[in-house]
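The structure appears below as structure tokens.
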Amino acid sequence: MAEVTETTAASSSEGKNPAVPETKRLWSDEVDDEEVQPTATEEKAVSELNVDALAIDENTKVNKFLDEPADSRIQAVTTGDTPYTSASTFEDLNLSPELLKGLYVEMKFQKPSKIQAISLPMIMTPPYKDLIAQAHNGSGKTTCFVLGMLSRVDPKQQRPQALCICPTRELSIQNMEVLRKMGKYTGISSECAVPIESRTNNRSRPQLPISAQVVIGTPGTIKRLMSQKKLGVTDMKVLVFDEADHMLAKDGFQDDSLRIMKDIQRFNSHCQVLLFSATFDETVKNFVSKVVKDYNQLFVKKEDLSLESLKQYKVTLPDELAKIGVVKDRILELGENIGQIIIFVNTKRSASMLHTSLVDLGYEVTTIHGALNLEDRDKIVKEFKDGLTQVLISTDVLARGFDQQQVNLVINYDLPVKYEDQSEPHYEVYLHRIGRAGRFGRKGAVFNFLMTDHDLMIMRKIESYFNSPVAEIPSWGSEEGFKVALKEAGLL
DNA sequence: ACCCCAC
């Protein structure tokens, strides 16, 4: 109930904030908003990028991270005798001219990233084996499965041939936008299968069977469409699970995912299954290997998973009031130049409370969580993606996959812990959350707020699990430490 | 708890 009023509360606070200049500033205007792929190491490719010096510098880093074997360490395990050659260019993949044009003209890609170079031949080469693919946050996984789906669709068959299932409505919409952009010249049809505003138009008119060639959506809606025979699966060639570890986890969408997979396989034994995520913990890895048979796999060691371009910090705070004070005085007050910010909290209630506190103090922040109505969720995400808002408070609804390149700072206002065992950090959620900053090798910072001894212990475990020490900001009471940290991270 | 559905 209370949550629904949040958007209005936010917009009514406009102009109350003395720190906000009269002229509306776009928080995205400092960087190009295209997903710039890591370019070839040759001078030529870099100059062709035609972006500013900062971006070229960052792309060099991307190359260092993604293209040097010593740094990337993606381990590939293939089965059978199908030989796969890593694709050094998109031409190597025998794509249609229309699809290549989409990659170069619409997406402004130059060459495949590391994960794309390895996974795309595996996806596109007969006998189209299943694939479990792990790769770093922001390294271009979406392109792998979107291109995989587009390349395997037969344009002459006007029936669903590729299906992608995502954990949230927002991620489905985002993936659909990528697919439509990349497939712009192919004429391939697509449909987003996510819940729509309930009461009004749902019941009034019956839904027609889906004829789109590619369908992307959330488990509930997909399941419903399948059971109502509105989504035919007999011609399905590819089934993708984005954020696959969560889609197959017991406390994720395991039941729905297995049901969908089995329903497809009952009619169609040779549907290729693709599983993508930045994280696969041991439990899920074991389970997954029972679900898919005769599959190829790509894995990254957990110690290699932290992004090097991302600087992580922790700061110890005495109480809740100090936490809000630090957000206000140490970040929002000097944050005019640090790009967009996402503040993660553990509960919807916590999100609402922080939202109210900051709005009452006169700051323009927006908040998203699952209790908001769908219209508001869409609006808040769109405003943030359009660069109209700078600070977004979020539950884990946006922890995974959300791609906004201008996010330079992620704050763990609450540390992520496992629900079943609060003394255990949720390592995967931690990694996904911090991966919202530093997309595609860009610079970024993470601030972890620690309040209790329990928080200190959780943080220690996270540091040791990823073998990546997190620097301490010495005093929450002084501005200096935060400035130093943001400078160190390259944001000031 | 967080996310996804409610035929």
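Chain letters run A, B, ... following the sequence lines, proteins first, then strands; residues in each count from 1. Values below: all heavy atoms of this structure, side chains included; hydrogens, waters and symmetry mates excluded.
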Looking at [X], does any N or O in its side chain come under 4.0 Å of the phosphate oxygens OP1/OP2 on [N]?
X        : N     : value
A/Lys348 : B/dC3 : yes
A/Arg259 : B/dC4 : no
A/Thr218 : B/dC3 : no

Choosing from [options], which nucleotide comes nearest the side chain of [X]?
X        : options             : value
A/Thr347 : B/dC4, B/dC2, B/dC7 : B/dC2
A/Phe253 : B/dC3, B/dC7, B/dA1 : B/dC3
A/His369 : B/dC3, B/dC4, B/dC7 : B/dC3

First encountered from the 5' end of DNA chain B, between A/Ser227 and A/His246: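 It is A/His246, whose closest nucleotide lies nearer the 5' terminus.
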Hey, mind stepping through A/Phe447 and A/Phe482 against side chain to side chain contact (heavy atoms under 4.5 Å, CB included) and telling me if it holds? CA-CA 9 Å; A/Phe447 290 160; A/Phe482 292 90; 4.0 Å; yes
A/Glu177, A/Gln174, A/Gln404 screened by side chain to side chain donor-acceptor pair (under 3.5 Å) with A/Lys385, the one that passes: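 Going through the options one by one, the only one that passes is A/Gln174.
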What is the nucleic acid contact for A/Arg169, judged by heavy atoms within less than 4.0 Å: base, sugar-phosphate only, or nothing?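 Sugar-phosphate, no base atom in range.
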Aromatic plane relationship, A/Phe299 with A/Phe280 - under 30° parallel, 30 to 60° tilted, over 60° perpendicular: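 It falls in the perpendicular class, over 60°.
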Is the number of heavy atoms from other residues, nucleotides or ligands within 6.0 Å of NZ (A/Lys382) greater than 12?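 Not more than 12 within 6.0 Å, no.
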